[in-house]
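Working notes for the structure below.
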Amino acid sequence: MAQQITLIGGGLVGALLAQQLAGRGFKVAVFEKRPDPRIAGFVGGRSINLALAERGLHALRQAGLADDVLQRAVMMRGRMVHTRDGRSGLQRYGVDDSEVIWSVSRGALNMLLLDAAEAAGVRFHFGQSLVSADFPAGRIRLADEAGTKREIDAPIVIGADGAGSALRAAMNRHAPLGERIEALGHAYKELEIPPAGILSADLIDRSGGHDQFALEPHALHIWPRGGYMCIALPNTEGSFTVTLFLPAQGAHPSFSTVADAAAARAFFAEDFPDLLPLIPDFENDYDGHPVGTLSTLYLDHWHLEGRALLVGDAAHAIVPFHGQGMNCGFEDTVVLASLLAEAPSDTADVFAEFQRIRQPNSNAIAAMALENYVEMRDSVADPHFLAKRELGLLLAERAPQHFMARYRMVTFTHLPYAYAFERGRAQDTLLEQLLHGSVNAREVNLDAAVAALRATLPPLPEHG
Ligand code: FAD
Ligand code: E1W
């Protein structure tokens, strides 16, 4: 008899994990709160997109899905920084198109993963939300959309039900997980730039004349403004999804002072004057879309013996500023599927081992994602930061075995996040020493700097 696994949540991580486990011979059932997006249309209907990087792509390759996903993705070669004075410039992520990230539609990706999981034999039950669980009895309680409840057998249950996980709450009621949720204090709102065809000819001329896109399509756009920022990611149809990140409360600007579309229009006219005319439905978008909250989730325990386990955001939700939440969750599925394939009936050992391997890494990406917010909104224009980055680039060119920018380790390698975090700290200390306060990387003696680098840090491990 094939081992039976019940998954809660058919989002990005749940659907990919289900496909991976079914492919390794497990009998997998998934209970998903929302209706089937392939029938009902993706909830919200808006085109929200995410950045897919090497870690997520690697998981999709193992699942045989990378090519299908990339076919529907838009390549982003670098970050396009838009300054207050209306200038913009592309900072490439890598030296060539082998180091790029990809903008994918959340809805399209989720539907592709559902199709793939179903094709692998997974049984989906939509419109079914987990309500509670009796772990000793191996039973879970579900509610359908009408609120009708039922109980089923689920001796082994895995929660991929996102940051607000109901399985986590049920586990925590049974035995405390040591949950800590740290609110960022900043929140977000999504707005839409339609394909340039919908904008006036006048605007297209002023934005540089791309026929279909109102902005350079192959970039992640950032408008850093100090304590807050906007970003925009391209969609395949020529539109962009803009996200405004702002303090949730407090002195202007915050979501309490920019409370409605009228206040928001005045705020954008002042702080994002080049962006405002690209958003024709500004009023409806601003008043119609919710303010999303942002926090980091830390748990002491991700599992309850061999009976229940949390993965993805349910175990380790992070702030989005490194674009790694989904990528990290996809990396979870690779590790878990391979551990389970090796020892299908030792779920207690496998779950403990999964946590042992993944928790230091999810803690590291949680910390790096928080740091990246400050870096993105404040220091992309800070002279000392820019000098450090330039010296880093010079060292990476001269001694590629000894220096790699942390962003590249996170985004373009499979080096563990915890390694990238540690190594990044050591490299940063060295850069500070070499620059000692200077804002000009060219003042540093490069031969001496490379010698110091080789003397201080071991070569980087293989990272292909
Ligand atoms: P989710 O995607 O949240 O899926 C959870 C699923 O469980 C949903 O389908 C939900 O309906 C279902 N569910 C919930 N409760 C129940 C229940 N009681 N019973 C049954 N089912 C239930 N990550 C990146 O890698 N790159 C990015 O560029 C990026 N940008 C982001 C931007 C923003 C503004 C935010 C907020 C996040 C971003 N992320 C990004 C993070 C990414 O969205 C998450 O890490 C990812 O969606 C986690 O996947 P998941 O499957 O664990 O959870
Ligand atoms: C990425 C929501 C989101 C998603 C992202 C990124 C950022 C800023 C944000 C980090 C980045 C891709 N980043 N980009 N440029 N420098 N750092 O790489 O996904 Cl806010």
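First listed ligand is number 1; within each ligand, the first listed atom is number 1.
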**Identified ring-ring contact (aromatic ring centres under 6.0 Å, His included) partner of Tyr228 from the options Phe245, Phe255, Phe267, Tyr188** = Phe267
**Cationic N near anionic O, under 4.0 Å, Arg358 to Glu331** = yes
**Item:** Geometric class of the His221/Phe240 ring pair [parallel <30°, tilted 30-60°, perpendicular >60°]
**Value:** perpendicular
**Asked** Less than 3.5 Å between some nitrogen or oxygen of Arg106 and one of ligand 1, yes or no?
**Response** yes
**Request:** Just say parallel, tilted or perpendicular for the rings of His174 and Phe135, cut-offs at 30° and 60°.
**Result:** perpendicular
**Message:** Checking the N or O distance criterion of under 3.5 Å, is ligand 1 in contact with Met326?
**Reply:** yes
**Prompt:** For ligand 2, is there an atom lying under 4.0 Å from some heavy atom of Tyr373?
**Reply:** no
**Message:** Once you restrict to heavy atoms under 4.0 Å, what part of Leu50 touches ligand 2? Side chain, backbone, both or neither.
**Reply:** neither
**Request:** May I ask you to check if ligand 2 and Thr411 share an N or O to N or O distance below 3.5 Å?
**Result:** no
**Prompt:** Would Lys33 and Asp161 pass as an ion pair if we require N to O under 4.0 Å?
**Reply:** no
**Request:** Could you pull out the closest heavy-atom pair between Phe330 and Leu113, with the gap in Å?
**Result:** CZ-CD1, 3.9 Å
**Item:** Within-shell test, Ile8 vs ligand 1, heavy atom, strictly < 4.0 Å
**Value:** yes
**Asked** Any idea which atoms of ligand 2 are less than 4.0 Å away from a heavy-atom of Gly323?
**Response** 4 (C), 5 (C), 6 (C), 19 (O)
**Asked** For ligand 1, is there an atom lying under 4.0 Å from some heavy atom of Ala160?
**Response** yes
**Complete:** One finds that the ligand 2 atoms under 4.0 Å from a non-hydrogen atom of Leu220 are 1 (C), 5 (C), 6 (C), 12 (C), 19 (O)
**Request:** Within a distance under 4.0 Å of any heavy atom of Ala51, pick out the atoms of ligand 2 and give their elements.
**Result:** 12 (C), 19 (O)
**Prompt:** Of all the non-hydrogen atoms in the protein, which one sits nearest to atom 16 (N) of ligand 2, and at what distance?
**Reply:** Arg79 NE, 2.7 Å
**Request:** List the closest protein heavy-atom neighbour of atom 11 (C) of ligand 2: residue, atom name, distance to the nearest 0.1 Å.
**Result:** Tyr407 CE1, 3.6 Å
**Ionic contact status for Asp96 with Arg77, cut-off 4.0 Å** = no
**Backbone or side-chain N or O of Glu190 under 3.5 Å from ligand 1 N or O** = no
**Prompt:** Can you tell me which residue and heavy atom of the protein come closest to atom 3 (C) of ligand 2, and the distance to 0.1 Å?
**Reply:** Pro320 O, 3.3 Å
**Asked** Below 4.0 angstrom, N of the basic side chain to O of the carboxylate: do Arg406 and Asp428 qualify?
**Response** no
**Request:** Identify, by atom number and element, the atoms of ligand 2 in contact range of Ile231, meaning under 4.0 Å from any of its heavy atoms.
**Result:** 2 (C), 3 (C), 9 (C), 20 (Cl)
**Item:** Heteroatom proximity flag, Thr243 to ligand 1, N/O under 3.5 Å
**Value:** no
**Item:** Nearest-neighbour protein heavy atom for atom 19 (N) of ligand 1, which is reported as residue plus atom name and distance
**Value:** Leu130 N, 2.9 Å
**Message:** Is Met229 close enough to touch ligand 2? Criterion: a residue heavy atom under 4.0 Å from a ligand atom.
**Reply:** yes
**Message:** Please list the nearest protein heavy atom to atom 39 (N) of ligand 1 with its residue and the distance rounded to 0.1 Å.
**Reply:** Leu50 CD2, 3.7 Å
**Asked** Minimum heavy-atom separation for Ala219 to Met80, with atom names?
**Response** CB-CB, 4.0 Å
**Request:** Kindly identify the option in Phe321, Phe245, Phe31, Tyr188 whose heavy atom sits closest to atom 36 (C) of ligand 1.
**Result:** Tyr188
**Closest approach of any protein heavy atom to atom 4 (O) of ligand 1, naming residue and atom** = Gly11 CA, 3.7 Å
**Distance (rounded to the nearest 0.5 Å) between Leu336 CG and Glu353 CD** = 11.5 Å
**Request:** Indicate yes or no: does Arg225 engage Glu270 in a salt bridge with an N to O separation below 4.0 Å.
**Result:** no
**Message:** Counting only nitrogen or oxygen atoms and a 3.5 angstrom limit, does Ala51 reach ligand 1?
**Reply:** yes
**Request:** Please could you name the atoms of ligand 1 that Val13 approaches to less than 4.0 Å, counting only its heavy atoms?
**Result:** 49 (O), 50 (P), 51 (O), 52 (O)
**Prompt:** Using 4.0 Å as the upper bound for N to carboxylate O, is an ion pair formed by Lys189 and Asp285?
**Reply:** no
**Complete:** So the atoms of ligand 2 within less than 4.0 Å of a heavy atom of Asn372 turn out to be 10 (C), 11 (C), 17 (N)
**Request:** Flag the pair Lys388 and Glu390 as a salt bridge only when some basic side-chain nitrogen lies within less than 4.0 angstrom of an acidic carboxylate oxygen.
**Result:** no
**Item:** Heavy-atom nearest neighbour of atom 7 (O) of ligand 1 within options Asn49, Asp161, Val104
**Value:** Asp161
